[in-house]
Amino acid sequence: METLACGHAAPVAGLCCVHLLENEDAGYYVRFTGKGAWMDLLCEDCGRVSHPGQAHRAVCTDCQQATVARGFDLIGVIGRPESRSRATDLRFEHREHSLSALTGRTPLAVAALGASSWLAVDPEGALLRLDLDEATPARLGSVIDTALDLAAPLALHVSACARFAAVVNLRGSHGVVVDLTTGAVTMRLDRGSYHTKHCDYSVAFFRDGERTLLVHATGWNRLDLSDPATGALLSAREPPSRGEPNQPIRAHELDYFHCGLTVSPNDEWLVDDGWVWHPVGILTSLSLRRWVRENVWESEDGPSQRRLREVPYYWDGPRCFVGPHILATWGFGGDVDKLIDAALFHDVSTGKLLRWFPGPRGAFECDGNLLLASAADTGTAVWDIETGEKLHEDATLKPTAWHPVSRRFLTVLPQGGLRESRLCGTAW
């Protein structure tokens with residue numbers, strides 16, 4: 001195989017101007033050719049030229065992706081990539097349910113519970129287990145006598161063991177943890193009030209061996225670990241003293257707003273979709289195992305931390321894991337106002353952008369080798385993670401929640417009706 005201009009003997013991924021090859025830190029343009037995701041990388045001067053000339057050389061995928069990963073240096077995008085599709089027999093089968101207890105009382109939040117049930121917060125703050133084969137929901141607890149504002153948007157998180165639920169005001173200060181086996185409130189969460197309206201509440205359950213633990217924000221720039229059964233703090237440490245203005249940041253001093261959290265399927269990695277001033281969204285990952293067992297400061301400046309992407313004014317976007325350490329995120333580009341519908345795949349253990357493909361938009365969920373993307377205006381599309389092809393689209397499916405165990409969507413319909421949707425077919 002011929003050695004390319006980037007110095008690697010590998011398949012060609014596209015062209016790159018020699019000026020970028022000579023200056024890897026320069027700002028760049030992406031020029032799409034209109035054939036799939038095939039693109040050329042051009043410096044600022046070459047980006048003004050209509051057609052590639054003699055100053056453009058072939059480069060491999062790894063080198064191309066290394067440049068694309070520097071989204072902060074992206075000057076602009078020329079053209080658009082081609083989104084591809086493949087005919088299949090995939091389809092969503094829908095089943096509607098009407099529970100008398102929910103008639104006229106739309107749930108405030110819904111999440112997967114156990115192997116096949118759902119957990120809902122009703123308008124009065126009751127936690128209800130919804131087994132759609134049963135007529136009457138089971139009451140498992142309540143959040144009514146707490147600091148939660150039920151008139152503001154809520155987020156509901158349920159532990160994989162199905163014992164605990166965390167209910168938080170999505171863009172507020174407060175939350176609670178409830179033991180669903182007893183109905184008792186075991187923790188009252190408070191992350192302060194500094195810029196909370198700009199940040200999804202940082203909270204997530206994960207497993208450490210036989211234990212279920214909770215990671216949650218206790219300040220705008222601080223995460224902690226707790227035992228949700230007792231509320232015991234497991235990450236006690238003295239807050240670092242603030243440095244003087246215009247002086248180097250001191251050890252463990254974190255100038256980062258924690259936002260929405262995502263835990264890997266094997267409970268080893270935590271992804272934080274937060275931001276820093278001016279503001280710039282910085283998607284980061286860290287090792288939960290190191291944090292729990294080795295370094296109490298891992299969430300501040302631990303060695304396992306990786307920066308996955310940086311985009312000014314963009315954070316708390318669609319994301320999901322598609323493997324033990326591969327994270328899919330939405331949006332190709334370096335400018336919040338010009339992001340292109342796409343799925344990007346990062347290795348959270350290394351921070352490396354592995355690949356991407358154009359087309360997906362909306363909230364992301366993973367179903368085996370399929371990426372499910374749901375948007376309010378276009379419905380739900382099914383994408384082949386390996387080939388980047390769209391396999392099916394259902395414009396009527398605009399779901400409320402996803403159940404990763406039973407592999408079904410739940411949509412809350414007007415007046416409290418519910419609809420479960422299951423993907424069927426032989427194409428996968």
Peer 1: Could you tell me whether the side chain of N169 and the main chain of D149 form a donor-acceptor pair under 3.5 Å?
Peer 2: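 Answer holds: yes.
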Peer 1: Quick check: does any side chain N or O of R139 sit under 3.5 Å from a backbone N or O of P137, one acting as donor and the other as acceptor?
Peer 2: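 A pair under 3.5 Å: no.
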Peer 1: Can R361 and D377 be counted as an ion pair, charged N to O under 4.0 angstrom?
Peer 2: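 Salt bridge: yes.
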Peer 1: For L288 and E298, what are the C-alpha separation, side-chain angles and deciding distance, and is it a side chain to side chain contact (heavy atoms under 4.5 Å, CB included)?
Peer 2: CA-CA 8 Å; L288 284 168; E298 196 69 24; over 6 Å; no
Peer 1: Below 4.5 Å, heavy atoms only, C-beta onward: do T284 and D273 meet side chain to side chain?
Peer 2: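 No. Closest side-chain heavy atoms not under 4.5 Å.
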Peer 1: Any heavy-atom pair between the side chains of E96 and L418 that's under 4.5 Å?
Peer 2: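 The answer is no, as the side chains (C-beta and beyond) never meet within the 4.5 Å cut-off.
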Peer 1: Please output the side-chain donor-acceptor pairs of residues 203-213 that fall under 3.5 Å, not counting sequence neighbours, one pair per line with the distance.
Peer 2:
{"unit_1": "R207", "atom_1": "NH1", "unit_2": "E210", "atom_2": "O", "d": "3.3"}
{"unit_1": "R207", "atom_1": "NH1", "unit_2": "T212", "atom_2": "OG1", "d": "2.7"}
{"unit_1": "R207", "atom_1": "NH2", "unit_2": "E210", "atom_2": "O", "d": "3.0"}
{"unit_1": "D208", "atom_1": "OD1", "unit_2": "R293", "atom_2": "NE", "d": "3.1"}
{"unit_1": "D208", "atom_1": "OD1", "unit_2": "R293", "atom_2": "NH2", "d": "3.0"}
{"unit_1": "D208", "atom_1": "OD2", "unit_2": "R211", "atom_2": "NH2", "d": "2.7"}

Peer 1: Under a plain distance cut-off of 3.5 Å, with no hydrogens placed, do S173 and R191 share a side-chain donor-acceptor pair?
Peer 2: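 Their side chains do not contain a donor-acceptor pair, so the 3.5 Å distance test is not met.
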Peer 1: Does any N or O in the side chain of D200 come within less than 3.5 Å of the main-chain N or O of G260, such that one atom is a donor and the other an acceptor?
Peer 2: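 No; judged by distance alone, with no hydrogens or angles, the pair does not exist.
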Peer 1: Could you give the distance from OG1 (T67) to CG (L74), rounded to the nearest 0.5 Å?
Peer 2: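 So the gap between those two atoms works out to 10.5 Å.
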Peer 1: So, the side chain of Y28 versus the backbone of V68: is there a donor-acceptor pair under 3.5 Å, distance only?
Peer 2: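 Flag set: sc Y28 to bb V68 pair under 3.5 Å.
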Peer 1: I need the single residue from T262, V311, T329 that forms a side-chain contact (heavy atoms from CB on, under 4.5 Å) with L283. Which is it?
Peer 2: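 Of the listed options, the one satisfying the test is T329.
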Peer 1: Can you find a pair of side-chain heavy atoms, one from T186 and one from V176, that are under 4.5 Å apart?
Peer 2: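 No, their side chains stay 4.5 Å or more apart.
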Peer 1: With a 4.0 Å cut-off on N to O distance, would you call E124 and R105 a salt bridge?
Peer 2: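 The answer is yes: the pair qualifies as a salt bridge.
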Peer 1: Mind checking whether W269 and H325 have ring centres under 6.0 Å apart?
Peer 2: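 Here the rings of H325 and W269 have centres that are no less than 6.0 Å from each other.
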Peer 1: Considering only residues two or more places apart or on different chains, which pairs with a residue in residues 386-410 satisfy ring pair (Phe, Tyr, Trp, His ring centres under 6.0 Å)?
Peer 2: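 Sorted pair list: F92-H392, W118-H403, W402-F409.
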Peer 1: Are the side chain of S117 and the backbone N or O of R129 linked by a donor-acceptor pair below 3.5 Å?
Peer 2: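 Pair absent, no side-chain N/O of S117 close to backbone of R129.
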Peer 1: V77 pairs by side-chain contact (heavy atoms from CB on, under 4.5 Å) with which of D335, I340, L339?
Peer 2: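 With V77 as partner, D335, I340, L339 yield a single side-chain contact (heavy atoms from CB on, under 4.5 Å), made by I340.
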Peer 1: We want to know whether D255 and W277 form a side-chain donor-acceptor pair, criterion being a heavy-atom distance below 3.5 angstrom.
Peer 2: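 D255 vs W277: no donor-acceptor pair found between side chains.
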Peer 1: Judged by atom type as modelled, is there a donor-acceptor pair below 3.5 Å linking the side chain of Q305 to the main-chain atoms of S285?
Peer 2: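 Flag not set: sc Q305 to bb S285 has no pair under 3.5 Å.
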Peer 1: Students often mix this up, so state it plainly: with edges at 30° and 60°, are the rings of F345 and F357 parallel, tilted or perpendicular?
Peer 2: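 Tilted.
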Peer 1: In chain order, what residues pass the salt bridge (Lys or Arg N to Asp or Glu O under 4.0 Å) check against D179, with sequence neighbours excluded?
Peer 2: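 Listed in chain order: R163.
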Peer 1: Less than 4.5 Å apart, any side-chain heavy atom of D394 and any of H94?
Peer 2: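 Contact flag for D394/H94 side chains = yes.
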Peer 1: Between R95 and D133, does at least one N-O distance fall below 4.0 Å, as a salt bridge requires?
Peer 2: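 The answer is yes: the pair qualifies as a salt bridge.
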Peer 1: Checking Y29 now: which residues fulfil ring pair (Phe, Tyr, Trp, His ring centres under 6.0 Å) with it, not counting sequence neighbours?
Peer 2: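 Ring pair (Phe, Tyr, Trp, His ring centres under 6.0 Å) list for Y29, sorted by chain: empty.
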Peer 1: Less than 3.5 Å apart, any donor N or O on the side chain of S374 or T380 sitting next to an acceptor on the other?
Peer 2: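 T380 and S374 do have a side-chain donor-acceptor pair below 3.5 Å.
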Peer 1: Taking the side chain as C-beta and beyond, is there a heavy-atom pair between E93 and R408 under 4.5 Å?
Peer 2: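 With C-beta onward as the side chain, the pair stays apart.
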Peer 1: Less than 4.5 Å apart, side chain to side chain, heavy atoms only: is that true for F364 and F321?
Peer 2: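 In short, these two side chains do not touch, never coming nearer than 4.5 Å.
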Peer 1: Among Y256, W315, F257, find the one that has a ring pair (Phe, Tyr, Trp, His ring centres under 6.0 Å) with H195.
Peer 2: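 With H195 as partner, Y256, W315, F257 yield a single ring pair (Phe, Tyr, Trp, His ring centres under 6.0 Å), made by F257.
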Peer 1: Looking at L370, D367, I326, V322, which one forms a side-chain contact (heavy atoms from CB on, under 4.5 Å) with I385?
Peer 2: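 Among L370, D367, I326, V322, the one meeting side-chain contact (heavy atoms from CB on, under 4.5 Å) with I385 is V322.
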Peer 1: Taking C-beta and beyond as the side chain, do S226 and M187 meet within less than 4.5 Å on heavy atoms?
Peer 2: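 They are in side-chain contact.
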Peer 1: Applying side-chain contact (heavy atoms from CB on, under 4.5 Å), name anything that partners R222, two or more places apart in sequence or on another chain.
Peer 2: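 In terms of side-chain contact (heavy atoms from CB on, under 4.5 Å), with neighbours along the sequence ignored, R222 is linked to T218, D224, R237, P239, E300.
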Peer 1: Answer whether the closest heavy-atom distance between the side chains of V30 and I78 falls below 4.5 Å.
Peer 2: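 In short, these two side chains do not touch, never coming nearer than 4.5 Å.
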Peer 1: Quick one: side-chain contact (heavy atoms from CB on, under 4.5 Å) partners of C6, sequence neighbours excluded?
Peer 2: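 With sequence neighbours excluded, C6 shows a side-chain contact (heavy atoms from CB on, under 4.5 Å) to L4, H8, V59, C60, C63, given in chain and number order.
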Peer 1: Parallel, tilted or perpendicular: which describes the rings of H252 and W297, with under 30° parallel and over 60° perpendicular?
Peer 2: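 Parallel.
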Peer 1: For H258 and D272, does a side-chain donor sit closer than 3.5 Å to a side-chain acceptor?
Peer 2: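 A pair is found: one side chain offers a donor N or O, the other an acceptor, under 3.5 Å apart.
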Peer 1: Flag the pair D62 and K352 as a salt bridge only when some basic side-chain nitrogen lies within less than 4.0 angstrom of an acidic carboxylate oxygen.
Peer 2: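 Between K352 and D62 there is a salt bridge, with a charged N closer than 4.0 Å to a carboxylate O.
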